[in-house]
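Below you'll find the structure, written out as structure tokens, and then a few comments.
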Amino acid sequence: MKNNYYKFRQDIKVNFSNVCINDFSTLLKENKPFSGVVESKYGKEYYSKRTYIKGYPYGLNIFINKRQRSLYSLDFTKSNGYALEYENNDRTSFEVYDMGFLLEKITCVEGKIIEKEITEIDIIETVKEFNIKDLLEEISVKYEIEVDDIDSMLGWGLSTYKSVKYDYKFLKKQYWNYYHKTNKEMGLYKNNDFIKYYTEQNKLKDQIIKGDVLPEKIQYVAGVDVAYNEQEQIMVGAIVVLNAETLEVVEQSSHVMDITFPYIPGLFSFREVPAILEAFKKLTMQPDLIICDAQGIAHPKNVGMATHLGIELDIPTIGCAKKRLVGFYEKEKLGSNRADTQELIWNSETVGVALRTQDNIKPMFVSIGHKISLETAIEWVLKVSPKYRLPETTRQADQLVNSILKETTDYDFLDDNKV
DNA sequence: GCGACAG
DNA sequence: ATCTTGTCGC
């Protein structure tokens, strides 16, 4: 087990010199624009500390819960905020500072605000374009954190940019490119290492059966899913079998194992299939059909995860993914009602469809996996998605893996003795 | 050369 | 996939 992942988080040096303020959130809501530092503890669930300027989260955010510690910065550079709480007879005062300025002063008597001063400051300037590599360097120096370690924190720090008017998609894209570039440089993506998997895909491709080879009556439909704990390098694979008529869970099984393969678009099945196969072995019954939360033949080599799994188990499978991997469809022509479809074309072939499983809901991407026709696949996806965008099979499998992952996580960041 | 890229 | 606060609309 790798330890260095958390270590730097415990040693983080942050410029906050604030006095702890508990339950500041009510104050925050009533007195916008609020500027200052909020520190919150919700029982033993989580702990967080974050700077606000004029009601916007800004600067540093530290977050700790049982499963992880994280630190991110909304502008990556400037943050030196703190707040003071002091008592004078029956009066309680809060003084809030950031970057050396008094931003806000609030005086309360018995919990009621009797005085409020807000310093007018300009909205923080935002930088729209920058080189992400330079940025990482800058954070690394400033907070004495290794560039490699910052990487993992940025993963979701970037998503909070939308709250401070950044072009979040642009940043996310930049981050993604940076991430894969470094992985390549680190030798993680050496093509040579993966040639054998690409050739294996060629063999799998020849075995795909594209028509209906189904039992006369499909009694049991299964869903599969995998969840990850990157920190512990563990993954949980699960399979949940449902009654095809009632959609009630009939049987479920799971398997916890080490992560052995990185996520690479195109080689996704080699990451997830092993865990699912192990879970499958523990079943006492055999499902007639499996619906995967991934692509089937709508894949650069026509061997998405659903197809790979179907061939491996020799069971009919459907690929039902939330996002497109390859192929194009005519977006404007796709109707907005349940069961509306548009063909997904890739290399002049129809590899699947964009299918709405509910009215006015983003489409799912359905493709055949193995031993089934596209028409039958669409029928079944609609049948198992009576209420929600995602098939009931996927939802059940998703729930199962996540609950098991929680049970499996045995450390507790909120309890110093356990870490 | 760069962008896109299932979970 | 993974992490979560706050806001808004039906």
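What you see below is based on every heavy atom in this structure, not just the backbone, and it leaves out hydrogens, waters and symmetry mates. The shown structure was predicted, so the numbers you read here are calculated from the model rather than taken from an experiment. In the text below, chain A, chain B and the rest are named by the order of the sequence lines, each starting its count at 1.
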Inset, instruction - Please list all pairs passing the ring-ring contact (aromatic ring centres under 6.0 Å, His included) test where one or both residues lie in residues 354-383 of chain A, with sequence neighbours left out. - result: A:Tyr329-A:Phe365
Inset, instruction - Return the stems involving DNA chain B, sorted by first number, where pairs are Watson-Crick (N1-N3 with N6-O4 or O6-N4) or G-U wobble (N1-O2 and O6-N3), both under 3.5 Å, and runs are 3 or more long. - result: none
Legend entry - A:Glu278 bridged to A:Lys281 by N-O distance under 4.0 Å: yes
Inset, instruction - Verify the stacking flag for A:Tyr263 against C:dA1: centroid separation must be under 5.5 angstrom and the ring planes must differ by under 30 degrees. - result: no
Among all residues two or more places apart in sequence or in another chain, which pass the side-chain hydrogen bond (donor to acceptor under 3.5 Å, both in side chains) test with [X]?
X        : result
A:Glu272 : A:Tyr228
A:Ser373 : A:Asp212, A:Thr376
A:Gln252 : none
A:Asp206 : none

Inset, instruction - Could you list the residues that satisfy salt bridge (charged side-chain N to carboxylate O under 4.0 Å, His left out) with A:Arg395, not counting sequence neighbours? - result: A:Glu392
Inset, instruction - Please state how far atom CD1 in A:Ile276 lies from atom C1' in B:dA6, giving the value in whole angstrom units. - result: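 Taking atom C1' of B:dA6 as the reference, CD1 of A:Ile276 is at 12 Å.
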Legend entry - Integer-rounded Å distance: B:dA6 P and A:Glu272 CD: 12 Å
Inset, instruction - Could you list the residues that satisfy ring-ring contact (aromatic ring centres under 6.0 Å, His included) with A:Phe268, not counting sequence neighbours? - result: A:Tyr263
Legend entry - Base-paired stems that DNA chain C participates in, counting runs of 3 or more Watson-Crick or G-U pairs under 3.5 Å: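 The stems that DNA chain C takes part in number none, since no run reaches 3 pairs.
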Under 3.5 Å, which donor-acceptor pairs do the side chains of residues 304-311 of chain A form with other protein atoms, sequence neighbours left out?
{"from": "A:Thr307", "atom 1": "OG1", "to": "A:Gly296", "atom 2": "O", "distance (Å)": "3.3"}
{"from": "A:Thr307", "atom 1": "OG1", "to": "A:Ile297", "atom 2": "N", "distance (Å)": "3.4"}
{"from": "A:Thr307", "atom 1": "OG1", "to": "A:Gly369", "atom 2": "O", "distance (Å)": "3.2"}
{"from": "A:His308", "atom 1": "ND1", "to": "A:Ser269", "atom 2": "OG", "distance (Å)": "2.7"}
{"from": "A:His308", "atom 1": "NE2", "to": "A:Glu312", "atom 2": "OE1", "distance (Å)": "3.1"}

Inset, instruction - Enumerate the residues from residues 355-370 of chain A whose closest heavy atom to DNA chain B is under 4.0 Å, giving them by residue number; use none for an empty result. - result: none
Inset, instruction - Give me the residues of residues 296-333 of chain A where at least one heavy atom lies under 4.0 Å from an atom of DNA chain B, by number, or none. - result: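 DNA chain B contact set from residues 296-333 of chain A: A:His299, A:Gly304, A:Met305, A:Ala321, A:Lys322, A:Lys323, A:Arg324, A:Leu325.
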Inset, instruction - Describe the nucleic acid contact of A:Leu267 in one word from base, sugar-phosphate, nothing, applying a heavy-atom distance below 4.0 Å. - result: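 The residue A:Leu267 makes base contact.
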Legend entry - Per A:Asn402 side chain, nearest of listed nucleotides B:dC5, C:dT2, B:dG7: C:dT2
